[in-house]
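Just below is one structure, and these are the notes that go with it.
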Amino acid sequence: MTLALILSLLNAAVAIFCMGHTPQVYDSCIKVNDIALTFDDGSNFEISNALLTAYKGPWIHLRNISDQFTIAGGRATFFLNGKNFDCIYNSDRISDVKYAYAAGHMIGSHTWSHSDLTSLTTPQIQDAMFRMEEALVRILGVMPAFMRPHPFGDYNSNIQSIAASRGQSLALWDWDTGDADGNTTAESEAVYNDVADAQLKNALILGA
Ligand SMILES: *[C@@H]1O[C@H](CO)[C@@H](O)[C@H](O)[C@H]1NC(C)=O
Ligand SMILES: *[C@@H]1O[C@H](CO)[C@@H](O)[C@H](O)[C@H]1NC(C)=O
């Protein structure tokens, strides 16, 4: 199933949770009829463990996912790392990030290098957030309003308050395609179909 078809099935609304907000933790959308599709690490739900060996890095799909959403009249949310599989300052990555942002998609922070935030000291967490903010300011001229913690969306009150002090809400999810846990493309698609069939009030989906 193409992303465009999934989007039309979902009758997807704009993936904006809330702007100009007081920082907090979102584990679901707040508006009725909003379906937010979110992608971490610049990743794509076509990536599964089976493909991992052939994998050139998740960032390579950013432009294509951006295009699929643009064609479908929707907007995606990308939580980007600065240095994980690739470095955001490489020229191709800069150009892809600018491209997706210019197309109207939402760009959030997934911190600099995808370290386990719960294992870091306060200065290390601040550094991981700062480097990503610096990259988005340098590349896009904007500060992120949302940070998606990792791994597995794990966070604690310290991480939450550090994010809040930097003006960022934590963005979690209420549906998970399981892509990051090794689900196949078909299994991930089944989750999107379940969301579509369930006729929910709204959904905040971790696509990858
Ligand atoms: C992106 O889309 C183009 C055009 O459809 C295709 O040729 C290319 O292989 C795609 N890239 C990736 C990484 O999927
Ligand atoms: C993986 O896919 C299955 C089948 O679509 C789904 O039930 C499950 O929630 C998905 N996620 C994980 C983390 O396994």
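Atoms within a ligand are numbered from 1 in the order they appear, just like the ligands themselves.
- When each atom of ligand 2 is checked for a heavy atom of D176 under 4.0 Å away, the hits are 11 (N).
- The closest protein non-hydrogen atom to atom 5 (O) of ligand 2 is E187 O, 2.8 Å.
- When heavy-atom distances to ligand 2 are checked against a 4.0 Å cut-off, D194 has no atom that comes that close, whether in backbone or side chain.
- Contact annotation for atom 14 (O) of ligand 2: protein present (non-hydrogen atoms, distance under 4.0 Å).
- A 4.5 Å side-chain heavy-atom check between L172 and R148 finds every atom pair outside the cut-off.
- Between N202 and K31, every side-chain heavy-atom pair lies at or beyond the 4.5 Å cut-off.
- Geometrically, ligand 2 and S188 share no nitrogen or oxygen pair separated by less than 3.5 Å.
- Residues F39 and F69 place their aromatic rings such that the two centres sit under 6.0 Å apart.
- Short contacts between ligand 2 and G178, defined as distances under 4.0 Å to a heavy atom of the residue, involve ligand atoms 11 (N), 12 (C), 13 (C).
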Practice problem: Please test L37 against I205 for side chain to side chain contact (heavy atoms under 4.5 Å, CB included), starting from the C-alpha separation and ending with a verdict. | Solution: CA-CA 5 Å; L37 275 73; I205 307 171; 4.1 Å; yes

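- We find that R63 and D67 are not joined by a salt bridge, their nearest charged nitrogen and carboxylate oxygen being 4.0 Å or further apart.
- The single protein non-hydrogen atom nearest to atom 7 (O) of ligand 2 is V191 CG2, 4.8 Å, given as residue, atom name and distance.
- The contact set between ligand 2 and T177, taken as ligand atoms under 4.0 Å from a residue heavy atom, comprises 1 (C), 10 (C), 11 (N).
- Less than 4.0 angstrom separates some heavy atom of A190 from each of these atoms of ligand 2: 5 (O).
- Side-chain contact between V191 and W175: present, with at least one pair of heavy atoms (C-beta onward) separated by less than 4.5 Å.
- Among T184, D181, N183, the residue whose heavy atom lies nearest to atom 10 (C) of ligand 2 is N183.
- For the pair H110 and N84, the minimum side-chain heavy-atom distance is 4.5 Å or more.
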